[in-house]
Undergrad: 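Sending over a structure as structure tokens; questions will come in a sec.
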Amino acid sequence: MKTIAELLQEKLEKAFEQAGYDAKYAKVTVSNRPDLCQYQCNGALAAAKQYHKAPIQMAGEVVERLADSDSFQEISAQAPGFINMTVSDAFLSDYINAMAAEDKFGVSVPDKQETIVIDYGGANVAKPLHVGHLRSAIIGESIKRTARYMGHKVIGDAHLGDWGLQMGLIITELKHRKPDLVYFDESYEGDYPQEPPFTMADLDEIYPYANAYSKEHADYKEEAQTATAELQAGRRGYLALWQHIINVSVADLRRIYARLNVDFDLWKKESDAQPYIPDMIQQMKDGGYAHMDEGALVVDVKEETDTKEIPPCMLLKSNGATLYNTTDLATIVERRKLFDPTRIIYVVDKRQSLYFEQVFRCARKTKIIGSDVDLVFVGFGTMNGKDGKPFKTRDGGVLRLENLLEDVNSQVQNKMADRDMDQETMRDAAAKIGLAAIKYGDLSNQAAKDYVFDVERFTSFEGNTGPYILYTIVRIKSLLNKVAEQEISVDDTVPILPSDNKTETDVMLALSKWSETVETAYAEQAPHKICQFVYELSDAFNKFYHETKIVTNEDTAARESYIKLCRLVGRVLETAMDLLGLEAPDRM
Ligand code: ARG
């Protein structure tokens, strides 16, 4: 569906031409002075050079040709040459009615369906989740939902880290603690036990311990490195332990991601790409792309136009071990083979941007991927605490996501202590509101920027927060419940009427930005644009709600029209929140 600005622009293009000017000057944008007008065109200012005329005169000539149009409530030329426009109430309500009748409220889905793999989450098996993983999950989930809403075939992959040193560390520590376990007996040829020799709580304790210990003890670290290499080389007992670690840890991760309302289509792991490595390396050698450099196998990826140093992409260390790079490249090979994607989007901490630049260049140069596949890096900033440093828990330790969720939920429950609700309803509401506080607090910032995690602000029921948006939805739900309970009739064959007051006009104007918002949020991987939209719409709606008698209005036609508008706002807000991975409770 065309935006209002586009529709107005079409009218202006004709008028510019009729007045003897090039239509290219008729560009219409949303006004940056909403106090003066809704839309504006600054083209006459730009056209002055070409036509050697005063811009205000040209603007006047254009406006004259549209003075009779019933699309405008007002169109005027303003010094030094702006064209200011406010659409008529009928034009606006026509637009809103058209939007309400369209699939997806008028979002234009592209003709060509893409197949998009989104690599997000990126948690490391058996290592505590950190805030970077939280951000990746939140942002990636929204990008995924938006792309899917746009009609694309989207595959979200958790791409778990399961092939690194953390595995060697855990194996080593287990060996020290329980050397008699059958997994360490190299002569053992039988089947290994089904039951893991540890619980999640054990793993939670073992990894941080082993990690800290290895930093102090070089020999221990070396042991862990050797164990990692042996695991990667396929030592049976270690593979069996590794499988146990994955089973225990992934079950835990699944639970946590589910609480975040984040769900992956694939739970692939770095190790899944390993079988693709030998052929890939062979191909890179045969193609003459990979060469030895101080014992390591590398591909040069620097380009003449580089302004900063881009180091080569290392594929094999001198001891033959593979690296993070190698896995990511092999994962591209794997994804091509399994899904033939047109685009792969990586949602990862922006501090990995140079790394992904190397990987992308290497993939292109060595032709493991063609120019028909887009590789997109969406780098996000750091979530900081109020002290401006990367977020830590109160005791300064690593983030336990579940504790964070509990913390936020209890803050929300405190705020709602005076509500007349049973325990169950309250718990459900607090979980949804708490999640909205966290996710919206994150998503409302441009992803690439750092932001401050401020629980008090994020959980506030007022201002640009998740709870405020949910509150607006709940308000609409309860209004519509009243309509249903009191059996107030609403004739759906009659369209929403032209607005009869400023607050209603503002609701319609905010609504009208929907299709453009979703289309840009998708094109730019920018969930914050959806947040901006829901906030503006909620704000406009609440003002309208406070100033308008809706359900009790004596004027039947007005009442029905208002109710229909409320219903539309509710549907659009809920859809938008779903794109952010959020859901409203029934009451709050
Ligand atoms: N596991 C990695 C980390 O914790 C993130 C993975 C990002 N995705 C990727 N394809 N490299 O830093």
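Both ligands and their constituent atoms are indexed starting at 1 by order of listing. Everything quoted here is computed from the prediction, not taken from an experiment.
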Undergrad: In the protein, what heavy atom is nearest to atom 6 (C) of ligand 1, and what distance, to one decimal place, separates them?
TA: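 The protein heavy atom lying closest is Tyr324 OH, 3.4 Å.
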Undergrad: Measure from NZ or CZ of Lys104 to the centre of the six-membered ring of Tyr149, then state whether that distance is under 6.0 Å and the direction lies within 45° of the axis.
TA: yes
Undergrad: Could you please spell out the steps behind the side-chain contact (heavy atoms from CB on, under 4.5 Å) verdict for Leu181 and Tyr192?
TA: CA-CA 10 Å; Leu181 284 178; Tyr192 291 103; over 6 Å; no
Undergrad: Looking at Tyr276, does the NZ or CZ of Arg336 lie under 6.0 angstrom from its six-membered ring centre and within 45 degrees of the ring axis?
TA: no
Undergrad: Mind checking whether Tyr324 and Tyr355 have ring centres under 6.0 Å apart?
TA: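 Yes, close enough.
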Undergrad: Applying ring-ring contact (aromatic ring centres under 6.0 Å, His included) to Tyr468 and Phe461, what does each step give before you reach the verdict?
TA: CA-CA 5 Å; Tyr468 173 70; Phe461 284 26; 9.7 Å; no
Undergrad: If you define the side chain from C-beta out and look only at heavy atoms, does anything of Thr459 sit under 4.5 Å from Val408?
TA: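 In short, these two side chains touch, coming nearer than 4.5 Å.
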Undergrad: Taking a cutoff of less than 4.0 Å between a non-hydrogen atom of the residue and any ligand atom, is Phe356 in contact with ligand 1?
TA: yes
Undergrad: May I ask you to check if Arg235 and Tyr238 form a cation-pi contact, with NZ or CZ under 6.0 angstrom from the six-membered ring centre and within 45° of the axis?
TA: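 That pair qualifies as a cation-pi contact.
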Undergrad: Which heavy atom of the protein is the closest neighbour of atom 10 (N) of ligand 1, given with residue, atom name and distance?
TA: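 Atom 10 (N) of ligand 1 sits closest to the protein heavy atom Asp328 OD1, 2.7 Å.
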Undergrad: Which residue holds the protein heavy atom closest to atom 12 (O) of ligand 1, what is that atom called, and what is the gap in Å?
TA: Gln352 NE2, 3.1 Å
Undergrad: What atoms of ligand 1 come within less than 4.0 Å of a heavy atom belonging to His133?
TA: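 Once the distances to His133 are compared, the set is 3 (C), 4 (O).
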Undergrad: Could you identify the single nearest non-hydrogen protein atom to atom 8 (N) of ligand 1 and state the distance to 0.1 Å?
TA: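 Ranking protein heavy atoms by distance from atom 8 (N) of ligand 1, first comes Asp119 OD1, 3.1 Å.
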Undergrad: Tell me the contacting part of Asn124 for ligand 1: side chain, backbone, both, or neither, using a 4.0 Å heavy-atom threshold, strictly below.
TA: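 For Asn124, the contact with ligand 1 is made by the side chain alone.
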Undergrad: Show which atoms of ligand 1 fall inside a sub-4.0 Å distance from at least one heavy-atom site of Val348.
TA: 7 (C), 8 (N)
Undergrad: Closer than 4.0 Å to some heavy atom of Tyr346 - which atoms of ligand 1 meet that?
TA: 10 (N)
